[in-house]
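Keep in mind that the numbers below use all heavy atoms, side chains included, and drop hydrogens, waters and symmetry copies.
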Amino acid sequence: MNGNTVATDVLIAGGGSVGLMLAVLLRHHGVKPLVVEEKPELSHHPRADGIGLRTVEILREVGLAEAVNEAAIDLRAGKIKGRTLAEADFTEGLAWKARGETEFTYTPARIRGTCAQNRFDRVLITKAGDVEFGVALDSFEQDPDGVTATLSDGRVVRARYLVAADGVRSRVRQILGLGVTGPGVMGRETTSVLFRAELRPEQPFAMCNIEHPDAPGLLVTVDGEREWVFLTTLDTEPAPDLIRTALGDPSVEVEIRSVLRFRGRGQVADRLSAGRVFLVGDAAHAIPPLGAFGLNTGVADAHNLAWKLAHVLRGEAGPELLETYHEERHPVALMTMEQARLRFEDPSLHWGKDMARAREAVGAMNAPVVHMGYRYGGAELPSTEDVALDFDGSPGSRLPHLWVADGVSTLDLVGSRWCVVTADPGVEADVPVHVVNGWPYGTVLVRPDGFISRSYE
């Protein structure tokens with residue numbers, strides 16, 4: 001290699017949330033990747049704010065759960081609505097209970113409210129290692145031993161593996177010539193306006209449907225005090241007066257910080273891997289924006305791929321292990337896209353109360369099942385409504401959560417390693433064995449990502 005060539009085990013193209021999460025996970029497993037991001041800095045415009053409980057479990061594994069919880073916003077109301085914010089009815093929203101205050105039986109994860117994506121990214125980058133902004137991947141070629149990539153600054157990177165986390169219009173996916181499956185563009189163009197205004201509501205809320213005919217849209221909290229996002233499908237140039245109309249306060253000072261325009265999209269790449277190249281996040285799948293499934297599915301992609309790359313790079317597994325990334329994550333991506341599409345067409349399936357029958361009638365699952373109840377291997381789920389029933393110790397499912405000590409879950413016992421969990425103190429294995437009193441699921445072999453590989457009984 002010449003002086004203009006950089007060597008790395010894993011090159012990650014894209015330094016958004018999923019690319020950063022993959023870097024964090026790889027470093028957690030002892031691999032130091034290089035991340036290149038075309039944008040000059042972290043995005044300050046949040047595109048999502050729903051951090052799912054499975055994502056919090058993964059953050060717990062890498063020691064970032066508390067930091068993300070601190071970056072999250074205390075809420076006392078969920079989704080509210082009104083002609084304007086000033087006229088909003090908080091009654092129904094106040095019935096919502098923050099997840100951080102709810103005792104879930106099926107997960108140790110807690111988060112006190114919502115965490116906007118820009119705040120989430122600022123936590124991730126603290127453990128992501130080498131991230132170079134203002135540098136794009138221009139081209140690449142792969143051979144049996146690795147990938148040679150050319151960057152926009154003229155450098156050449158020689159990597160053993162390349163991971164595309166470069167978004168819905170992924171250049172890596174285009175170079176590979178991979179097609180996509182799905183309905184494609186959905187709905188009208190939405191304008192997302194990030195603005196500052198001193199609101200400081202007495203009852204902090206997650207979002208508010210604004211029904212004013214001159215300013216219809218959705219007001220979303222970012223920090224609960226000064227930063228907000230207003231989403232609207234109005235075909236007008238956003239201005240402070242539009243925001244004031246939505247707020248119902250003509251005197252409030254409004255500073256528009258940035259504007260993004262987008263349309264919902266549903267598509268999944270036909271392959272999530274090609275040789276030594278892998279797709280994660282929006283490069284692998286675009287999920288319509290209802291249900292908070294997109295970002296969280298991307299984090300789960302990274303979690304599935306990271307330990308497999310680490311095992312192969314360390315020589316602890318053959319390259320065939322990496323073939324299971326597509327086999328496992330592609331069906332999950334297709335399922336998640338379909339679940340989001342159903343909600344996009346009928347939001348009551350997500351937001352409505354007592355909608356189990358309506359969901360069953362159209363093949364929709366309850367949101368927690370979509371987020372974390374899926375299983376690898378294609379086995380039918382015990383329940384599409386009660387996610388707790390899906391954690392039954394079956395191969396392909398996530399290890400059931402039980403508290404084994406003060407603040408210690410069975411998920412914590414895994415420790416990002418292969419292990420056995422059992423109630424039988426006589427079990428011996430070549431991997432760590434964790435004996436859990438009262439464990440009702442037999443003896444199970446657990447993968448480093450917390451999914452059950454096999455059952456011995």
>> Donor-acceptor pair, distance only, cut-off 3.5 Å: does the side chain of Arg171 make one with the backbone of Asp138?
In response: yes
What donor-acceptor contacts under 3.5 angstrom involve side-chain atoms of residues 182-192, with partners at least two apart or in another chain?
from   : atom 1 : to     : atom 2 : distance (Å)
Arg188 : NH2    : Thr233 : O      : 3.1
Ser192 : OG     : His45  : NE2    : 2.8

> Residues two or more places apart in sequence or in another chain: which of them pass side-chain hydrogen bond (donor to acceptor under 3.5 Å, both in side chains) with Asp241?
Replying inline: Arg244
> Taking atom types as modelled and ignoring hydrogens, do the side chains of Ser409 and His401 form a donor-acceptor contact shorter than 3.5 angstrom?
Replying inline: yes
>> Applying side chain to side chain contact (heavy atoms under 4.5 Å, CB included) to Ile73 and Arg119, what does each step give before you reach the verdict?
In response: CA-CA 10 Å; Ile73 305 303; Arg119 299 166 72 88; 3.7 Å; yes
> Heavy-atom count around Arg169 CZ within 6.0 Å, excluding the residue itself: above 12?
Replying inline: no
> Are side-chain heavy atoms of Ser397 and Asp390 found at a separation under 4.5 Å?
Replying inline: no
> Using the ring of each side chain (for Trp, its six-membered ring), is Tyr106 parallel, tilted or perpendicular to Phe104, with breaks at 30° and 60°?
Replying inline: tilted
>> Would you compute the distance between atom CD1 of Ile210 and atom CG of Leu85 and round it to the nearest 0.5 angstrom?
In response: 5.5 Å
>> How long is the straight-line distance from CG of Asp166 back to CD1 of Ile12, given to the nearest 0.5 Å?
In response: 11.5 Å
> Can you name the ring-ring contact (aromatic ring centres under 6.0 Å, His included) partners of Tyr376, sequence neighbours left out?
Replying inline: Tyr374, Phe451
> In terms of side-chain geometry, is the basic nitrogen of Glu211 or Arg83 positioned less than 4.0 Å from the acidic oxygen of its partner?
Replying inline: no
>> Holding to side chain to side chain contact (heavy atoms under 4.5 Å, CB included), I want the full list of residues that pass it with Thr181, two or more places apart in sequence or in another chain.
In response: Asp270
Donor-acceptor contacts, no H, no angles, side chain residues 283-292, under 3.5 Å, sequence neighbours left out:
from   : atom 1 : to     : atom 2 : distance (Å)
His285 : ND1    : Gly281 : O      : 3.4
His285 : NE2    : Asp301 : OD2    : 2.5

> What's the verdict on side chain to side chain contact (heavy atoms under 4.5 Å, CB included) for Arg398 and Leu411, showing C-alpha distance, side-chain angles and the deciding distance?
Replying inline: CA-CA 9 Å; Arg398 194 218 66 191; Leu411 296 180; 3.9 Å; yes
> Considering all heavy atoms of both residues, which atom of Arg375 and which atom of Ser394 are nearest to each other, and what is their separation?
Replying inline: NH1-CB, 3.3 Å
> Which residues satisfy the ring-ring contact (aromatic ring centres under 6.0 Å, His included) test with Phe293, sequence neighbours excluded?
Replying inline: His371
> Do the side chain of His28 and the main chain of Val24 share a donor and acceptor less than 3.5 angstrom apart?
Replying inline: no
>> Any carboxylate oxygen within less than 4.0 angstrom of a Lys/Arg side-chain nitrogen, looking at Arg226 and Glu253?
In response: no
> For Val68, which residues count as a side chain to side chain contact (heavy atoms under 4.5 Å, CB included) partner, sequence neighbours excluded?
Replying inline: Leu59, Ile111, Cys115, Phe120, Val123
>> Can you confirm whether Arg357 is buried at CZ, in the sense that more than 12 heavy atoms of other residues, nucleotides or ligands lie under 6.0 Å from that atom?
In response: no
>> Check this for me: Glu360, atom CD, are more than 12 non-hydrogen atoms of other residues, nucleotides or ligands nearer than 6.0 Å?
In response: no
> Can any side-chain N or O of Trp228 pair as donor or acceptor with the backbone N or O of Leu219 at less than 3.5 Å?
Replying inline: no
>> Enumerate the side chain to side chain donor-acceptor pair (under 3.5 Å) contacts for residues 337-349, please, sequence neighbours excluded, ordered by first and then second residue.
In response: Glu338-Arg341, Gln339-Arg343, Arg341-Glu345, Arg343-His350, Asp346-Ser348
>> With a 3.5 Å distance limit and no angle check, can you tell me whether Asn366 reaches the backbone of Val369 through a side-chain donor-acceptor pair?
In response: no
>> Under the rule for ring-ring contact (aromatic ring centres under 6.0 Å, His included), what residues qualify as partners of Tyr441, not counting sequence neighbours?
In response: Trp439
> Is it true that the side chains of Ser152 and Glu38 contain a donor and an acceptor less than 3.5 Å apart?
Replying inline: no
> Any ion pair linking Arg54 and Glu57 (charged N to carboxylate O, less than 4.0 Å)?
Replying inline: yes
> When rounded to the nearest 0.5 angstrom, what distance separates NE2 in His44 from CG in Asp121?
Replying inline: 12.5 Å
>> Run the side-chain hydrogen bond (donor to acceptor under 3.5 Å, both in side chains) test against Thr236 and tell me which residues pass, sequence neighbours left out.
In response: none
>> Using modelled atom types and a 3.5 Å cut-off, is there a donor and acceptor pairing between side-chain atoms of Asn296 and backbone atoms of Gly50?
In response: yes
>> So does Arg110 get a backbone contact from the side chain of Arg60, meaning a donor-acceptor N/O pair under 3.5 Å?
In response: no
> Can you list the residues that meet the ring-ring contact (aromatic ring centres under 6.0 Å, His included) rule with His212, with sequence neighbours excluded?
Replying inline: none
>> The test is side chain to side chain contact (heavy atoms under 4.5 Å, CB included); show your working for Leu399 and Val444 and say whether it passes.
In response: CA-CA 9 Å; Leu399 182 73; Val444 293; 4.1 Å; yes
> Quick one: SG on Cys208 to CD on Glu87, what's the gap to the nearest 0.5 Å?
Replying inline: 10.0 Å
> Between Leu11 and Val147, is a side chain to side chain contact (heavy atoms under 4.5 Å, CB included) present by the stated rule, with each step listed?
Replying inline: CA-CA 9 Å; Leu11 173 63; Val147 178; over 6 Å; no
>> Run the side chain to side chain contact (heavy atoms under 4.5 Å, CB included) test against Ser139 and tell me which residues pass, sequence neighbours left out.
In response: Thr150
> Roughly how far, to the nearest 0.5 Å, is the CG atom of Asn304 from the CD atom of Glu328?
Replying inline: 5.0 Å
> Sub-3.5 Å donor-acceptor pair from the side chain of Gln142 to the main-chain atoms of Arg276, do we have one?
Replying inline: yes
